[in-house]
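Here the structure is laid out as structure tokens; the discussion comes afterwards.
All chains are named by letter (A, B, ...) in the order of the sequence lines, taking the proteins before the strands, and each is independently numbered beginning at 1.
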Protein chains: 2
Amino acid sequence: MADYEQLKLSNQLCFPLYVCSKEVVRRYKPFLDELDLTYTQYITMMAMWEHRQLTAKELGDILYLDSGTLTPVLKTLEKKGFVARQRSQDDERSLVVTLTDEGWQLQDKAASVPEKMGQCIDMELEDLQIMHRLLHKFMDTFIKK
Amino acid sequence: MADYEQLKLSNQLCFPLYVCSKEVVRRYKPFLDELDLTYTQYITMMAMWEHRQLTAKELGDILYLDSGTLTPVLKTLEKKGFVARQRSQDDERSLVVTLTDEGWQLQDKAASVPEKMGQCIDMELEDLQIMHRLLHKFMDTFIKK
DNA sequence: CTAAATTAAATTGTGTACAATTAATTTGAT
DNA sequence: ATCAAATTAATTGTACACAATTTAATTTAG
């Protein structure tokens, strides 16, 4: 007789991870709508604000996204006027992404988003800190090649 | 001068949640390929194995998915022969989902997936347990209406 | 008792995600 | 120096995910 206990959703680690992730992204929506950004576009902009200039490859490494996802996201951000895309002069294979003035200005509007989000999360700070630490520890095990 | 420190990816809770969720789902893939299931189809089957019979509404409540996602997933599972879909006799609005023999048989093949996944995760059991507990605590704050 | 409100699925439209492939460029080993 | 191997984006195809709308059935209020 097989042990099906492990097949229950409540015993999985992945399922609550998947649900919490989706739920938090969903709660960003009203705030990100004001910036005309989706969540994926938002984290892309966050990486750009922090690094000023990145290749598509570097963005993919930072965001854990491949070109199949990033290419359309970057084209959309370009269309919205927040970033510029141009081939690297050193290496024609590379796509260099930079922020436009409008992209930089958006950072001001975005500055209040983390705090607003914090108010949406009904959990003790200590628990959030532990979760933050464990998730980063977990991420560190995803040895990126 | 605005404080942009909070806009760094490393200070976010959502970003590692989002990355870890995607990575774990990605690691399920080789095991789920053997069952001819995607991750979404897998958690749907897990709910069905646990509850034997559910309406689409109940499945959505359990899996935190809406009909826009579930309808095509259930149609695919029906096409693969794992579930049957039929209207409730009590309430024609409701869609009752049941498992086929093949759907039940799949549970045997799926029984080893959780253990195989456990071996893929390079983190101490204690950390995983804490994370599990905190994620469930977090989920409990998503007061479902 | 019936019109209005509610509920449940399905549909539509947009935007990811990711695997696999393709195309262009660069690198490296001989 | 040269060509095979590696690297980088882009493309293609499949499958979600969710907001918003639509359609049909049921419930509720007056």
Side-chain angles (χ1 to χ4, degrees), chain A residues 14-15 18-30 32-33 36-45 54-61 63-80 83 85-97 142 144-145, chain B residues 14-15 18-30 32-33 36-45 54-80 83 85-97 142 145:
Chain A
C14 187
F15 180 65
Y18 158 85
V19 171
C20 289
S21 169
K22 285 192 309 168
E23 176 67 16
V24 178
V25 168
R26 206 179 62 78
R27 293 197 185 186
Y28 268 99
K29 192 173 187 309
L32 298 185
D33 279 349
D36 188 25
L37 293 176
T38 63
Y39 181 72
T40 312
Q41 292 161 16
Y42 173 63
I43 59 174
T44 304
M45 292 302 288
L54 290 168
T55 64
K57 172 78 169 72
E58 290 167 334
L59 264 173
D61 287 342
L63 302 176
Y64 296 78
L65 294 173
D66 74 1
S67 65
T69 303
L70 264 182
T71 296
V73 168
L74 291 173
K75 284 183 177 174
T76 304
L77 287 174
E78 184 182 47
K79 202 174 295 173
K80 290 182 178 177
V83 305
R85 296 160 68 248
Q86 59 198 92
R87 289 288 159 181
S88 166
Q89 299 198 322
D90 298 343
D91 185 340
E92 281 286 329
R93 291 171 304 180
S94 286
L95 182 78
V96 177
V97 183
F142 303 163
K144 256 200 283 193
K145 231 311 276 128
Chain B
C14 186
F15 180 64
Y18 159 85
V19 172
C20 290
S21 168
K22 285 192 309 168
E23 176 67 16
V24 178
V25 168
R26 208 179 61 78
R27 293 196 185 188
Y28 267 99
K29 191 173 187 311
L32 297 185
D33 279 349
D36 188 25
L37 293 177
T38 63
Y39 181 72
T40 312
Q41 291 162 15
Y42 174 61
I43 59 174
T44 304
M45 291 302 288
L54 291 167
T55 64
K57 172 79 169 74
E58 290 166 335
L59 263 173
D61 288 342
I62 292 170
L63 302 176
Y64 296 79
L65 294 173
D66 74 0
S67 65
T69 303
L70 264 183
T71 296
V73 168
L74 291 174
K75 284 183 178 174
T76 303
L77 286 174
E78 183 181 49
K79 201 175 297 174
K80 289 182 178 177
V83 305
R85 296 161 66 249
Q86 59 199 92
R87 290 287 160 181
S88 165
Q89 298 198 323
D90 298 343
D91 185 340
E92 281 286 328
R93 291 172 302 179
S94 287
L95 183 77
V96 177
V97 183
F142 303 163
K145 241 290 297 123

If only side-chain N and O atoms of [X] are considered, is one of them under 4.0 Å from the OP1 or OP2 phosphate oxygen of [N]?
X: A:R87; N: D:dA10; answer: yes
X: A:T40; N: C:dG15; answer: no
X: B:Y18; N: C:dA17; answer: yes
X: B:S94; N: C:dA8; answer: no
X: B:R26; N: D:dA15; answer: no
X: B:K22; N: C:dC18; answer: yes

Side chains of B:L74 and B:L95 in contact at under 4.5 Å (non-hydrogen atoms):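 The answer is yes; the side chains approach within 4.5 Å.
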Side chain to side chain, A:T40 and B:Y18, heavy atoms closer than 4.5 Å: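 A:T40 vs B:Y18: side chains touch.
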Closest listed nucleotide, where the reference is the side chain of A:L95 and the choices are D:dA17, D:dA10, C:dA10: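 Of all the options, the side chain of A:L95 is nearest to D:dA10.
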CG-CZ distance between B:L77 and B:R85, expressed to the nearest 0.5 angstrom: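 Separation between the atoms: 10.0 Å.
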CZ on A:R27 to CZ on B:F142, rounded to 0.5 Å: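 Rounded to the nearest 0.5 Å, the CZ-CZ separation comes to 5.5 Å.
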Residues within residues 70-79 of chain A bordering DNA chain C, heavy-atom distance below 4.0 Å: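 Only A:V73 qualify.
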With sequence neighbours excluded, residues passing side chain to side chain donor-acceptor pair (under 3.5 Å) with B:K75: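 Side chain to side chain donor-acceptor pair (under 3.5 Å) list for B:K75, sorted by chain: empty.
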Distance, rounded to the nearest Å, where A:K57 contributes NZ and D:dA10 contributes C1':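 Atom NZ in A:K57 sits about 15 Å away from atom C1' in D:dA10.
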B:Q89 atom CD: more than 12 heavy-atom contacts under 6.0 Å: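 Counting neighbours around CD of B:Q89, 12 or fewer heavy atoms of other residues, nucleotides or ligands fall under 6.0 Å, so no.
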Closest non-hydrogen atom pair, A:Q41 against A:V73: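 Looking at all heavy atoms of both residues, the shortest contact is CG-CG1, 4.1 Å.
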Pairs under 3.5 angstrom, nitrogen or oxygen only, protein versus nucleotides 20-29 of chain D, please.
from: D:dT26; atom 1: OP1; to: B:E92; atom 2: N; distance (Å): 3.0

Passing candidate, side-chain contact (heavy atoms from CB on, under 4.5 Å) with A:K57, options A:L54, A:L59, A:T55: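 Exactly one candidate clears the test, A:T55.
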Touch class at under 4.0 angstrom, heavy-atom based, for B:T69 against every strand present: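 Contact class for B:T69: base.
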Side chain A:R87, main chain A:R93, donor-acceptor under 3.5 Å: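 Checked: pair present.
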